[in-house]
Asks: 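Okay, handing you the structure first.
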Amino acid sequence: MEPTQRYDFRAIERAWQQRWHDADLFALPPVDDPREKFYYLDMFPYPSGNLHMGHLRNYTIGDVVARYQTMRGRAVLHPMGWDAFGLPAENAAIKHHTHPDPWTRTCIQEMHRQLDMLGISFNWDREVNTSAPDYYHWTQWLFLQFYAAGHVTRSDALVNWCTSCQTVLANEQVMADGTCERCDQEVIKKRLEQWFYKTTDYAQRLLDDLDGLTEWPEQVRTMQRNWIGRSEGVEFAWHVAESDITFRVFTTRVDTVFGVTYMALAPEHPLLETLIADRPEADDVRAFVRHVLAADQFARASADAPKEGVFTGAYATHPLTGAPVPIWVANYVMMDYGTGAIMAVPAHDERDFAFATQYNLPIPAVIVPEGETAESLALPYIGDGFQANSGQFDGLPNQEAMVRIAEWMEGEGLGERTVNFRLRDWCLSRQRYWGCPIPIIYCEQCGTVPVPDDQLPVRLPTDVEFTGHENPLATSPTFQHVDCPRCGAAARRETDTMDTFVDSSWYFLRFASQPPDAAFARAEIDRWLPVDQYVGGIEHATMHLIYARYFTKVLYDLGLIGVTEPFARLFTQGMVTKAAWWAAAEKRWYTEPEQLAADGLHTPGGAPVERQVAKMSKSIGNVVAPEGICEAYGADTGRCYILFIGPPNAEAEWQDDGVVGIHRWLTRVWRLTLPRAASYLPAWREVLASAKLDAEQRALRQKLHQTIARLSADIEDFGFNTAIAALMELVNAAAPFAADRLAAGAEADRAVFSELAETLALLLSPFAPHLADEIWAATGHEGSTYQAAWPVSDPALARRERLTIVVQVNGKVRDKLEVDAGAPEETIRAAALASERVQSFMDGKTPRKVVYVPGRLVNIVV
RNA sequence: GCCGGAGUGGUGGAAUGGUAGACACGCUUGACUCAAAAUCAAGUGCACUCCCGUGCGUGUCGGUUCGAGUCCGACCUCCGGCACCA
């Protein structure tokens with residue numbers, strides 16, 4: 001065949017990408033653009049240098065929505081950038097003895113190239129690189145705004161510390177056996193002074209405002225509610241007998257207070273040393289505390305860790321009964337939740353029950369459900385019931401007693417009702433090089449001094465070594481030494497950098513506005529925010545999305561922006577997975593069925609394999625790169641296939657076999673339209689307005705207008721897989737029409753075909769934009785489909801003329817009737833009853849009831 | 001353990017409470033070809049079948065309804081999140 005006689009996707013895609021680029025088609029909408037705004041945002045990637053299928057899925061979804069909204073007449077902001085700080089660049093620097101900055105820039109270039117290959121309509125004029133000084137300047141400035149307003153604090157926190165590498169490790173760098181990922185040496189928990197954003201101050205608002213995020217997936221809202229973990233209870237004081245020491249405890253079950261048989265303190269409790277100072281038990285207690293703190297803190301925090309404790313020798317006085325209650329130290333009490341001390345009620349708490357059983361402490365029941373007695377009740381009992389052994393509150397339903405006891409305690413001045421959150425303050429310090437430097441200076445005279453605005457940004461120094469040992473910033477000969485901005489004396493710079501989640505907590509603002517001399521300009525923020533549609537992976541449901549919401553609320557409170565929530569509508573796309581076969585005996589993965597024995601159940605060596613569907617990863621080797629698909633089949637095929645693979649919020653299993661189906665379809669689209677461009681009739685509207693069409697012509701127009709309606713609805717509902725199926729149906733219907741009738745050249749046929757070809761180009765535009773523009777040009781249009789208006793379905797044309805009515809007898813389909821769309825109900829009912837086939841299934845019985853569903857079915861009940 | 005979500009042909013998947021399996025992959029048959037690829041046409045849930053049909057069928061068991069993949073209850077399995085949170 002001639003080159004022009006086949007679907008040459010390479011030439012088409014290259015040519016159109018060049019034309020889009022030359023025309024600056026995806027430029028940012030101008031400031032005075034009168035169109036309604038639409039801010040579409042994809043979660044920006046870490047620039048690893050390799051685009052993977054998850055990116056393809058995310059950014060293709062985004063491009064469909066952005067192109068659709070543009071064609072619908074919106075001014076669309078569709079930016080892209082790089083979440084470029086982070087460990088991989090630093091690890092690469094250690095490995096290759098280079099610097100993270102050039103390495104990162106190379107990766108960015110490479111990924112930018114791969115994204116361009118997909119033909120995505122990004123507004124590159126708003127590109128952002130979080131590791132560039134013109135970005136992290138403002139990350140620092142925002143930190144100082146937060147600092148000045150009291151949203152930043154400094155305190156101790158436990159970190160993973162590799163004794164060999166002399167550095168802090170992220171949780172995922174600590175192996176399951178508690179060793180360092182890089183050097184295999186032991187990792188310990190170490191306390192370090194760290195910077196925190198005070199997210200807990202916003203816990204209640206972060207929780208409350210979830211109710212307003214009605215366009216978010218319920219799953220994400222639930223996950224955030226659990227993460228914030230609000231619980232209501234009572235915090236009250238216990239006095240230690242024969243001393244003036246007082247402990248405060250928090251409980252959500254103050255109704256069980258009469259069941260307390262011991263108290264338990266966290267080993268880290270600050271009053272513990274005072275409590276045991278002069279007691280004979282002191283040495284035992286100290287030994288126990290050392291034992292607990294030496295153990296792996298992750299293991300200690302797991303629910304199935306064994307419960308251990310030691311008696312302190314001290315007693316507290318029960319505030320209601322006056323009874324002496326022994327005070328223990330227990331490993332299962334955590335210092336960082338509540339007050340670090342608990343009242344233990346073994347009869348009504350599983351943990352306390354396990355502990356009391358082990359150490360032979362009494363377990364009296366004080367809440368008894370109907371039909372049980374305090375003696376017969378199986379313990380521990382967590383549910384509701386009536387108060388027992390509870391003094392003046394005996395017999396009350398426990399929910400009521402909860403309120404009465406709390407009120408009584410408040411009246412006596414013992415304590416008060418409070419709220420506790422699981423959410424912690426956000427530790428933002430990282431003892432790492434490749435992150436945003438924290439703009440703080442420590443001066444012996446002036447203390448902690450923020451870097452003045454005119455000295456920002458605090459730049460990352462380049463005179464550093466990447467050895468894998470210690471924080472490189474601390475090894476720079478120049479970085480730490482600085483004059484105090486207040487008194488001018490020699491001072492020391494903070495060497496910690498920020499968690500990369502800080503960078504991504506405000507990038508959506510920087511996309512909307514990037515003046516040279518400020519973080520953002522208020523007018524542009526007011527124009528674009530909130531983000532109308534945000535799309536990314538479910539793995540960011542809690543951390544990133546909570547941090548970004550927190551930042552937005554603080555910035556609102558500081559008067560810097562006018563919205564309290566950043567993302568109006570959220571969509572979480574599913575992972576892209578691929579099957580692989582694990583051969584346990586050989587300890588290796590097989591990634592292609594052809595590598596296996598003929599039965600598919602064994603390796604060529606005879607070892608059994610287990611089929612698993614897993615996220616694409618280098619370690620398994622089941623990675624399929626979008627670039628390879630684009631080279632073999634084209635970007636349009638890659639884009640359509642990743643959408644067609646399944647519902648976008650669900651996990652999708654990649655199957656190479658499916659790609660050819662999409663490619664065949666696009667080839668059929670090409671064959672339907674491009675070689676027939678000569679049949680195109682620019683004046684098809686006039687011809688169709690006056691022509692009398694036959695049944696086949698009307699049927700094709702009907703299918704076309706039905707497809708327009710389906711596609712619009714599907715795109716708005718993120719039903720991209722069914723949208724493509726609808727386009728396939730349209731092409732399936734059009735192909736025989738074009739083949740059978742177009743050659744004769746009748747004007748009406750050409751007009752029907754012209755409407756189809758032109759509209760098909762527009763409908764295809766968000767999905768396969770290169771081929772769409774090729775068809776658009778071949779039908780005599782200037783420019784790109786991106787600049788054209790989305791088609792509108794004519795309901796009169798889409799309406800079905802004849803209907804198929806299903807006739808059921810007792811709910812089973814027995815016959816089908818073809819009727820005119822306007823046929824009256826009585827006619828249809830009569831026809832259904834008259835049907836011979838229906839009669840034969842009625843066994844001569846008379847209908848008890850006849851149900852008629854307009855336009856759909858008749859059900860005869862006998 | 002708690003909180004979410006999902007179970008439909010050989011495969012990916014589709015179905016406002018109203019014809020279950022759209023669309024696609026794969027497979028079968030045919031056309032074209034010396035042949036193959038590509039393309040086109042027909043078929044393809046399972047079982048029985050006088051090839052007209054009939055029965056069964058959406059993880060399991062029950063329920064609501066004229067009618068349930070869809071709604072309700074219980075259970076099973078898988079996936080995700082959280083987990084000594086007092």
Asks: Cation-pi check, A/Arg422 to A/Trp227: give yes when NZ or CZ is under 6.0 Å from the six-membered ring centre and within 45° of the ring axis, no otherwise.
Replies: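 A/Arg422 over A/Trp227 ring: yes.
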Asks: Between atom CZ in A/Arg668 and atom P in B/A24, what is the gap in whole Å?
Replies: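 In whole Å, B/A24 P lies 7 Å from A/Arg668 CZ.
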Asks: Choose from B/C25, B/A86, B/C40 the nucleotide whose nearest atom is closest to any side-chain atom of A/Val660.
Replies: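 Among B/C25, B/A86, B/C40, the one nearest the side chain of A/Val660 is B/C25.
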Asks: What pattern of brackets, bars and dots sums up RNA chain B from 5' to 3', given Watson-Crick or G-U wobble pairs under 3.5 Å, [ ] for crossing pairs and | for another strand?
Replies: (((((((..(((.....[....)))((((((.......))))))((((....))))..(((((..]....))))))))))))....
Asks: Taking the C1' atom of each, how far is B/U54 from B/A6, in whole Å?
Replies: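 B/U54 and B/A6 have their C1' atoms separated by 34 Å.
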Asks: What interatomic distance, in whole Å, is found between C1' of B/U70 and the corresponding atom of B/G7?
Replies: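 Per the computed distance, 14 Å lies between those C1' atoms.
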Asks: How far does OG1 of A/Thr199 sit from CZ of A/Arg424, to the nearest 0.5 angstrom?
Replies: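 Reported value, rounded in 0.5 Å steps: 10.0 Å.
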Asks: Mind checking A/Arg814 for me? I need base, sugar-phosphate or nothing, with any heavy atom below 4.0 Å counting as a touch.
Replies: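 Here A/Arg814 touches the backbone only, sparing every base.
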Asks: In whole Å, I'd like the distance from the CG atom of A/Asp349 to the C1' atom of B/C84.
Replies: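 It works out to 9 Å between those atoms.
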Asks: Rounding to the closest angstrom, what is the interatomic distance between B/C27 and B/C50 at atom C1'?
Replies: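 The same atom, C1', in both gives a distance of 29 Å.
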Asks: On the side chain of A/Arg424, is there an atom forming a donor-acceptor pair with the base of B/C85 - under 3.5 Å, no angle test?
Replies: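 Such a pair exists between side chain and base.
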Asks: Mapping A/Asn331 and A/Asn810 to their closest nucleotides on RNA chain B, which lands nearer the 5' end?
Replies: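 In this pair, the answer is A/Asn810.
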Asks: Regarding A/Ser231, tell me which of base, sugar-phosphate or nothing describes its non-hydrogen contacts under 4.0 Å with the strands shown.
Replies: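 Touches sugar-phosphate only.
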Asks: Parallel under 30°, tilted from 30 to 60°, perpendicular over 60°: which one fits the rings of A/His544 and A/His540?
Replies: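 Answer is perpendicular, since the angle exceeds 60°.
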Asks: Can you tell me, in whole Å, how much space there is between the C1' of B/C84 and that of B/C76?
Replies: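 One C1' to the other, the span is 29 Å.
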Asks: CZ/A/Phe236 to OG1/A/Thr339 distance, rounded to the nearest 0.5 angstrom?
Replies: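 It is 9.5 Å, given to the nearest 0.5 Å.
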Asks: Under 6.0 Å between ring centres: does that hold for A/Trp426 and A/Tyr547?
Replies: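 Yes - the distance between ring centres of A/Trp426 and A/Tyr547 falls below the 6.0 Å cut-off.
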Asks: B/G57 and B/C46: how far apart are their C1' atoms, nearest whole angstrom?
Replies: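 Each nucleotide's C1' atom is 7 Å from the other's.
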Asks: Taking B/C23 as the reference, what is the distance to B/U29 when you measure between their P atoms (whole Å, please)?
Replies: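 Looking at atom P only, B/U29 and B/C23 are 23 Å apart.
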Asks: In whole Å, what separates the P atom of B/G69 from that of B/G63?
Replies: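 Going atom to atom, P in each nucleotide, I get 15 Å.
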Asks: Could you check B/G13 for me: syn (within 90° of 0) or anti?
Replies: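 Anti conformation for B/G13.
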Asks: Could you encode protein contacts along nucleotides 3-23 of chain B as a string, one character per nucleotide from 5' to 3', using B for base contact, S for sugar-phosphate-only contact and - for no contact, with a heavy-atom cut-off of under 4.0 Å?
Replies: SS------SBSSSB-BB--BB
Asks: Using a strict 4.0 Å threshold on nitrogen-to-oxygen distance, state whether A/Lys307 and A/Glu350 make a salt bridge.
Replies: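 No, A/Lys307 and A/Glu350 are not salt-bridged.
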Asks: Describe, in one word, how the ring planes of A/Tyr359 and A/Trp328 are oriented to each other, choosing from parallel (under 30°), tilted (30 to 60°) and perpendicular (over 60°).
Replies: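 Tilted, since the angle between the ring planes falls between 30° and 60°.
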Asks: What integer number of Å spans the P atoms of B/G43 and B/U49?
Replies: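 B/G43 and B/U49 have their P atoms separated by 23 Å.
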Asks: Going by an N to O cut-off under 4.0 Å, is there a salt bridge joining A/Glu653 and A/Lys578?
Replies: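 No salt bridge links A/Glu653 with A/Lys578.
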Asks: Does any donor atom in the side chain of A/Thr637 or A/His663 lie under 3.5 Å from an acceptor atom in the other side chain?
Replies: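 Note: A/Thr637 and A/His663 side chains meet the donor-acceptor criterion.
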